[in-house]
Amino acid sequence: MGKLERIRARDDIRRDEVLFDAALRNLQTLSEATQRLPDDIKTQYPDIPWRQISGFRNVLVHNYLGDIAPQTVQSVIEDHLPPLEVAVSNMLGDSGEPDVR
């Protein structure tokens with residue numbers, strides 16, 4: 001998630017197609033990683049829309065609806081990424097490993 005913040009800090013992804021492509025790739029990787037989380041861990045974070053994250057990954061990979069609007073990607077990064085970042089941070093705790101209690 002830090003990479004997405006560094007991408008955003010460079011310039012507006014809505015105006016720079018190289019940064020936009022980098023953001024798309026990082027969102028794809030992030031969403032794929034969430035698919036690999038065990039369900040018992042995900043159920044501990046019911047406020048995170050896991051199914052929608054998975055669906056967004058499919059859109060990114062397969063581009064079902066044609067071009068993805070830069071405004072949509074900006075919104076995902078600004079509005080939806082922060083709660084996911086908090087959840088993942090809580091999962092990792094101090095150890096850097098998932099807390100599978």
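Count residues from 1 along the sequence. Here the structure is a predicted model, which means the values were calculated and not measured.
Within the model, atoms CD1 of I41 and CZ of R36 stand 14.5 Å from one another, a figure rounded to the nearest 0.5 Å. Rounding to the nearest 0.5 Å places CG of N58 at 12.5 Å from CD1 of I53. Taking CZ from F56 and NE2 from H80, the interatomic distance works out to 9.0 Å, rounded to the nearest 0.5 Å. Residue L84 holds its CG atom at 10.0 Å from OG of S31, rounded to the nearest 0.5 Å. Put simply, CD1 on I68 and CG on L60 are 4.5 Å apart, with the number rounded to the nearest 0.5 Å.
Here the side chains of Q52 and R57 are not in contact, with every heavy-atom distance at 4.5 Å or above. Side-chain contact check for I77 versus R8: some heavy-atom pair is nearer than 4.5 Å. By the 4.5 Å heavy-atom criterion applied to side chains, V61 and E32 are counted as neighbours. Contact annotation: the side chain of L81 approaches that of L30 to within less than 4.5 Å [non-hydrogen atoms, C-beta and beyond].
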Distance-only check: which donor-acceptor pairs under 3.5 Å involve side-chain atoms of residues 14-23, not counting sequence neighbours?
| from | atom 1 | to | atom 2 | distance (Å) |
| --- | --- | --- | --- | --- |
| R14 | NE | D12 | OD1 | 2.9 |
| R14 | NE | D12 | OD2 | 3.3 |
| R14 | NH2 | D12 | OD2 | 2.9 |
| R15 | NH2 | D11 | OD1 | 2.9 |
| D16 | OD1 | V18 | N | 3.0 |
| D16 | OD1 | L19 | N | 3.1 |

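Every side-chain contact (heavy atoms from CB on, under 4.5 Å) that E85 has, sequence neighbours left out, goes to M1. In this structure A69 satisfies the side-chain contact (heavy atoms from CB on, under 4.5 Å) test together with Q71, T72, sequence neighbours excluded.
A donor-acceptor pair under 3.5 Å is absent between the side-chain atoms of W50 and the main chain of T34, judged by distance alone.
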I'd like to know whether M91 forms a side chain to side chain contact (heavy atoms under 4.5 Å, CB included) with L37, so could you lay out the CA-CA distance, the side-chain angles of the two residues, the decisive distance to 0.1 Å, and finally the verdict.
CA-CA 10 Å; M91 286 178 201; L37 289 170; 4.1 Å; yes
